[in-house]
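What you see below is based on every heavy atom in this structure, not just the backbone, and it leaves out hydrogens, waters and symmetry mates.
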Amino acid sequence: MNKTLSLVLFSFIFISSNTYAYKYGLGSCLDQDLDQPIWDAIEKKNIDGFIFLGDNVYGDHRSGELDKLKRAYAKQKNKIPLWLKKKKVLAIWDDHDYGKNDGGGDFNNKEGAQELFLDFWGIPKEDLRSEREGIYFEESQIIEGKTIQFIGLDTRYFRSKLMGKKNGYLPNTEPSATVLGENQWEWFDSVLENSKADVIIILSSIQILATNHPYEKWSNFTFDRAKLLARITKSATNKTVLAISGDRHRAGLYQKGNFVELTASALNKGASQNIETDPLLLGATYPQINFGILNIEPSKNRITLSINDKDGNELESKIIQL
């Protein structure tokens, strides 16, 4: 894939074959035109890496043209703190850094948006994301003798059209309606089938478990969500599987059976203060500025997920036993 914008921000950091307990910061919804004081609190958590879960810039435009997205990346380049550029970084996108609000597979400029994404995050040319459509990926780390596999999904490039109106989307029950598309599903199935990991962490820009709210979510595509949950259930018979999501401008912890999802959003663009409920929600949702922490501690047989406010105060947490 040809590169059109030289905005490399992060070097691609390779992890040694075995590391000790590992802590990731988590977040989404980072507007380049707003202040970003939250990085001070995140730095004090002594994280080893950070996972960007989408809407990492706000560059979408009604016209579908990418000029605003290019400017957004150029501005964000100078706002990400220097200390973070030295950390391990994983990233997926959502609609605002995809280039079209609530956009899906019918977005005309998605190839150009992918080029901008790859350039900004410094994805190497030999990486499969530089050769194929979509920004989905997988990679593994060995942490205290346990293999931790990250699977980043692309919920934009192949997604079918939404049903209903904006902020009032309806479930699409057609079996052909999809979030991941045929090629990504084949890849995902293969990754799960061949996984030797002890822990799988799925990264999805939109929420997997939430069903009540009327915005974008996996449950807008009934067949694909059921398919995803079935795959997760099957994989979880011999390993731990969890998910991290963003998008919502509010944070929350959700659980279905043994499957836990943390939504970490937003880093500097909070939501309205309305109360939101869901059958699978643990505790409350948090619409204030926040970030998540993923603390992987195999020697203690646990992973801790937490939601933290802009000052670093823990709002809620969940321990997952390995």
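Using a 4.0 Å cut-off between charged nitrogen and carboxylate oxygen, Lys75 and Asp33 count as a salt-bridge pair. A salt bridge links Lys88 to Glu139: at least one charged side-chain nitrogen sits closer than 4.0 Å to a carboxylate oxygen. Salt-bridge check for Glu216 with Arg156: passed, with a basic side-chain N closer than 4.0 Å to an acidic carboxylate O.
Between the CG atom in Leu305 and the OH atom in Tyr24 there is a gap of 14.0 Å [rounded to 0.5 Å]. If you take CG on Leu34 and CD on Gln32, they are separated by 8.0 Å, rounding to the nearest 0.5 Å. Between the OG1 atom of Thr285 and the CZ atom of Arg250 there is a distance of 4.0 Å, given to the nearest 0.5 Å. Atom CD1 of residue Ile320 and atom CD1 of residue Ile201 lie 8.5 Å apart, to the nearest 0.5 angstrom.
Using modelled atom types, one finds a donor on one side chain and an acceptor on the other under 3.5 Å when comparing Glu314 with Ser317. Donor-acceptor pairing under 3.5 Å is lacking for the side chains of Asp309 and Asn290. Side-chain contact check for Arg159 and Asn220: no donor-acceptor pair (N or O, by modelled atom type) lies under 3.5 Å. With 3.5 Å as the limit, one finds no donor-acceptor pair spanning the side chains of Gln184 and Tyr157. In the model, Ser205 has a side-chain atom that pairs as donor or acceptor with a side-chain atom of Thr155 under 3.5 Å. For the residue pair Asp247/Ser245, the side-chain donor-acceptor check at 3.5 Å is not satisfied. For the residue pair Ser195 and Gln149, a side-chain donor N or O sits within less than 3.5 Å of a side-chain acceptor on the partner.
The aromatic ring centroids of Tyr136 and Trp93 lie 6.0 Å or more from each other. Taking the six-membered ring for Trp and the full ring otherwise, Phe158 and Trp185 have centroids separated by 6.0 Å or more.
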Can you give each donor-acceptor pair under 3.5 Å made by side-chain atoms of residues 232-241, sequence neighbours left out, with the distance rounded to 0.1 Å?
{"from": "Thr233", "atom 1": "OG1", "to": "Leu229", "atom 2": "O", "distance (Å)": "2.9"}
{"from": "Ser235", "atom 1": "OG", "to": "Arg231", "atom 2": "O", "distance (Å)": "3.2"}
{"from": "Thr237", "atom 1": "OG1", "to": "Lys234", "atom 2": "O", "distance (Å)": "2.8"}

Acceptor/donor pairs from residues 175-183 side chains to any protein atom, 3.5 angstrom cut, sequence neighbours excluded:
{"from": "Thr178", "atom 1": "OG1", "to": "Leu180", "atom 2": "N", "distance (Å)": "3.2"}
{"from": "Thr178", "atom 1": "OG1", "to": "Gly181", "atom 2": "N", "distance (Å)": "2.9"}
{"from": "Thr178", "atom 1": "OG1", "to": "Asp224", "atom 2": "OD2", "distance (Å)": "2.6"}

Atom pairs and distances, side-chain donor-acceptor, residues 98-108, under 3.5 Å, sequence neighbours left out:
{"from": "Tyr98", "atom 1": "OH", "to": "Gly104", "atom 2": "O", "distance (Å)": "2.7"}
{"from": "Asp102", "atom 1": "OD2", "to": "Lys166", "atom 2": "NZ", "distance (Å)": "3.1"}
{"from": "Asp102", "atom 1": "OD2", "to": "Tyr169", "atom 2": "OH", "distance (Å)": "2.6"}

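In this structure, Arg129 forms a cation-pi arrangement with Phe137, its terminal cationic atom sitting closer than 6.0 Å to the ring centre and no more than 45° off the ring axis.
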(request) Applying side chain to side chain donor-acceptor pair (under 3.5 Å), run through Tyr254 and Gln207 and close with a yes or a no. (result) CA-CA 10 Å; Tyr254 301 77; Gln207 290 180 307; 3.2 Å; yes

(request) Please assess Trp39 against Phe50 for the test ring pair (Phe, Tyr, Trp, His ring centres under 6.0 Å), listing each intermediate value before the final yes or no. (result) CA-CA 11 Å; Trp39 293 121; Phe50 196 88; 5.3 Å; yes

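Looking at Phe221 and Pro171, their side chains never come closer than 4.5 Å, going by heavy atoms from C-beta outward.
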